[in-house]
Asker: 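Before I ask anything, let me first share the structure, which is written out below as structure tokens.
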Amino acid sequence: MATTGLEVFDKTLHTTNLWLDEICAEIGPDKHLAWHVLGAVLRSIRDELLSGQSAHLAAQLPLLVRGAFFDQYRPAAQPVAERSQEDFIARIREELAGCRPVRPDLAATAVMRTLNRHITEGQVKKARDALPKGIRALWPEPEQTARGAMAAPRGEEPAPGAPSQKQSAPGSRDAVERQPERTGAATGTPMARSAPALPSAEPATTKAAERAVSDQGGSNRAGAKLRTRRKGKLPAEP
């Protein structure tokens with residue numbers, strides 16, 4: 001986080017960057033565009049509210065964003081006379097005329113979802129309920145934004161009792177494919193029947209060992225006789 005030497009400035013810069021990152025996640029990775037979108041949508045919301053309602057909403061905005069909210073503010077002219085959804089979107093489109101093309105309705109919803117995450121639910125509902133029905137339809141309910149955040153994929157361990165990657169959930173393809181193996185073992189079908197036992201090699205191995213020992217013994221006896229005969233202890237065989 002960049003530091004300016006003043007905590008209040010550092011805090012508002014950090015918070016504003018977080019808001020812009022959330023808007024970029026919906027409209028594309030362009031912080032310059034995200035800043036213009038944030039200001040255009042907030043001012044369009046402001047122009048639909050009474051001055052007291054605007055002040056209460058602004059009190060919960062970061063200091064830097066609050067300045068954009070009140071840019072060119074004329075309390076006596078609020079709320080505006082044209083209050084349809086089409087007029088609301090037209091004002092946003094007009095403010096973003098010099099920026100990269102972006103759908104103003106999607107831009108409005110992206111900013112409104114960001115407000116849902118960072119403004120108290122009570123204040124969100126007050127501001128949202130003060131808008132005309134057509135504009136209010138663009139602003140998701142705070143509960144919907146919360147559910148959407150919870151449903152986003154996260155790298156955490158599965159909840160206790162949830163099927164892990166090593167254990168197949170009931171009814172899954174792996175579980176169905178394993179089922180015949182278990183049922184086959186229970187019913188004695190050929191699938192579960194074990195392979196025929198191979199003949200034991202023990203008798204052959206034993207006989208071979210005995211033959212080797214016998215041959216070795218015979219060789220040892222013959223060798224002993226030959227050595228004794230050479231020493232003259234035994235007469236030569238006829």
Side-chain angles (χ1 to χ4, degrees), residues 1-49 51 53-75 78 88-131 135-156:
M1 181 177 69
T3 57
T4 62
L6 289 175
E7 183 180 357
V8 63
F9 287 169
D10 293 340
K11 183 177 180 181
T12 189
L13 284 172
H14 176 66
T15 305
T16 301
N17 273 310
L18 290 179
W19 287 35
L20 295 179
D21 287 341
E22 292 182 12
I23 296 171
C24 285
E26 298 197 42
I27 67 171
D30 186 339
K31 276 198 172 183
H32 292 284
L33 176 61
W35 171 251
H36 289 296
V37 164
L38 178 60
V41 175
L42 285 177
R43 286 188 288 272
S44 296
I45 294 173
R46 175 204 69 189
D47 292 345
E48 299 287 344
L49 303 176
S51 58
Q53 295 167 337
S54 295
H56 283 98
L57 177 60
Q60 296 196 24
L61 301 177
L63 183 61
L64 189 59
V65 178
R66 196 181 308 162
F69 180 81
F70 281 121
D71 185 31
Q72 300 181 9
Y73 182 46
R74 295 180 299 165
Q78 313 307 329
F88 180 82
I89 291 175
R91 289 198 298 273
I92 297 173
R93 182 183 290 111
E94 183 179 355
E95 283 211 46
L96 299 177
C99 302
R100 177 172 65 82
V102 59
R103 282 181 53 181
D105 56 331
L106 298 182
T109 301
V111 172
M112 291 166 173
R113 267 197 284 263
T114 301
L115 292 175
N116 284 355
R117 298 185 191 101
H118 297 281
I119 303 298
T120 62
E121 184 175 339
Q123 183 56 57
V124 166
K125 288 188 174 182
K126 288 180 181 178
R128 186 175 179 277
D129 292 344
L131 299 175
I135 302 173
R136 191 163 60 243
L138 298 172
W139 196 326
E141 292 278 0
E143 296 83 358
Q144 293 176 351
T145 302
R147 284 196 296 270
M150 292 176 63
R154 294 177 294 178
E156 60 184 17

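In what follows, every heavy atom counts, from backbone to side chain, and hydrogens, waters and symmetry copies are set aside.
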Asker: Enter the distance from Thr15:OG1 to His118:NE2 here, rounded to the nearest 0.5 Å.
Answerer: 8.5 Å
Asker: So does Arg91 pair up with Glu95, basic N to acidic O under 4.0 Å?
Answerer: no
Asker: Shortest non-hydrogen contact from Ala107 to Val102?
Answerer: CB-CG2, 4.4 Å
Asker: Grab the two heavy atoms, one from Gly5 and one from Asp10, that are nearest each other, plus how far apart they are.
Answerer: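 Heavy-atom minimum between the residues: N-OD2, 3.9 Å.
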Asker: May I ask you to decide if Met112's main-chain N or O and Arg128's side chain share a donor-acceptor pair within less than 3.5 Å?
Answerer: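 Checking the backbone N and O of Met112 against the side chain of Arg128, no donor-acceptor pair under 3.5 Å is found.
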Asker: Quick one: pull up NZ in Lys11 and CG in Leu6 and give me the separation to the nearest 0.5 Å.
Answerer: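 CG of Leu6 is found 14.0 Å from NZ of Lys11.
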Asker: Report the distance from atom CD1 of Ile45 to atom CH2 of Trp139, rounding to the nearest 0.5 Å.
Answerer: 4.5 Å
Asker: When you look at OH of Tyr73, are more than 12 heavy atoms from neighbouring residues, nucleotides or ligands closer to it than 6.0 Å?
Answerer: yes
Asker: Kindly give the heavy-atom pair with the smallest separation between Arg100 and Ile27, and that separation in Å.
Answerer: NH2-O, 3.4 Å
Asker: Minimum heavy-atom separation for Gln78 to Asp47, with atom names?
Answerer: OE1-CA, 3.0 Å
Asker: Say you draw a straight line from CG of Asp30 to CH2 of Trp35; how long is it, rounded to the nearest 0.5 Å?
Answerer: 14.0 Å
Asker: Once rounded to the nearest 0.5 Å, what's the spacing between atom OG1 of Thr114 and atom CG of Asp21?
Answerer: 10.0 Å
Asker: For the pair Arg46 (side chain) and Phe69 (backbone), establish whether a donor and an acceptor sit closer than 3.5 Å, ignoring hydrogens and angles.
Answerer: yes
Asker: For residues 55-68, dump all side-chain donor-acceptor pairs below 3.5 Å to protein atoms at least two apart in sequence or in another chain.
Answerer:
{"from": "His56", "atom 1": "ND1", "to": "Gly52", "atom 2": "O", "distance (Å)": "2.8"}
{"from": "Gln60", "atom 1": "OE1", "to": "Thr120", "atom 2": "N", "distance (Å)": "3.0"}
{"from": "Gln60", "atom 1": "OE1", "to": "Thr120", "atom 2": "OG1", "distance (Å)": "3.3"}
{"from": "Gln60", "atom 1": "NE2", "to": "Thr120", "atom 2": "OG1", "distance (Å)": "3.1"}
{"from": "Arg66", "atom 1": "NE", "to": "Ala58", "atom 2": "O", "distance (Å)": "3.1"}
{"from": "Arg66", "atom 1": "NH2", "to": "Leu61", "atom 2": "O", "distance (Å)": "3.0"}

Asker: Kindly write out the residues that satisfy salt bridge (Lys or Arg N to Asp or Glu O under 4.0 Å) with Glu26, not counting sequence neighbours, or none if the list is empty.
Answerer: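 Partners of Glu26 by the salt bridge (Lys or Arg N to Asp or Glu O under 4.0 Å) criterion, ordered by chain and then number, come out as Arg113, Arg117.
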Asker: Sorted by first residue and then second, give each ring pair (Phe, Tyr, Trp, His ring centres under 6.0 Å) pair with at least one member in residues 88-108; sequence neighbours left out.
Answerer: none
Asker: Write down the atom of Ser44, the atom of Ile92, and the distance for their closest heavy-atom approach.
Answerer: OG-CG1, 3.4 Å
Asker: Would you say Ile89 and Ile135 make side-chain contact, with heavy atoms under 4.5 Å?
Answerer: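 Not in contact.
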Asker: Please round to the nearest 0.5 Å and tell me the distance separating atom NZ of Lys126 and atom CD of Glu121.
Answerer: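 Going from the NZ atom of Lys126 to the CD atom of Glu121 covers 12.5 Å.
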Asker: Considering all heavy atoms of both residues, which atom of Leu33 and which atom of Cys99 are nearest to each other, and what is their separation?
Answerer: CD1-CB, 3.7 Å
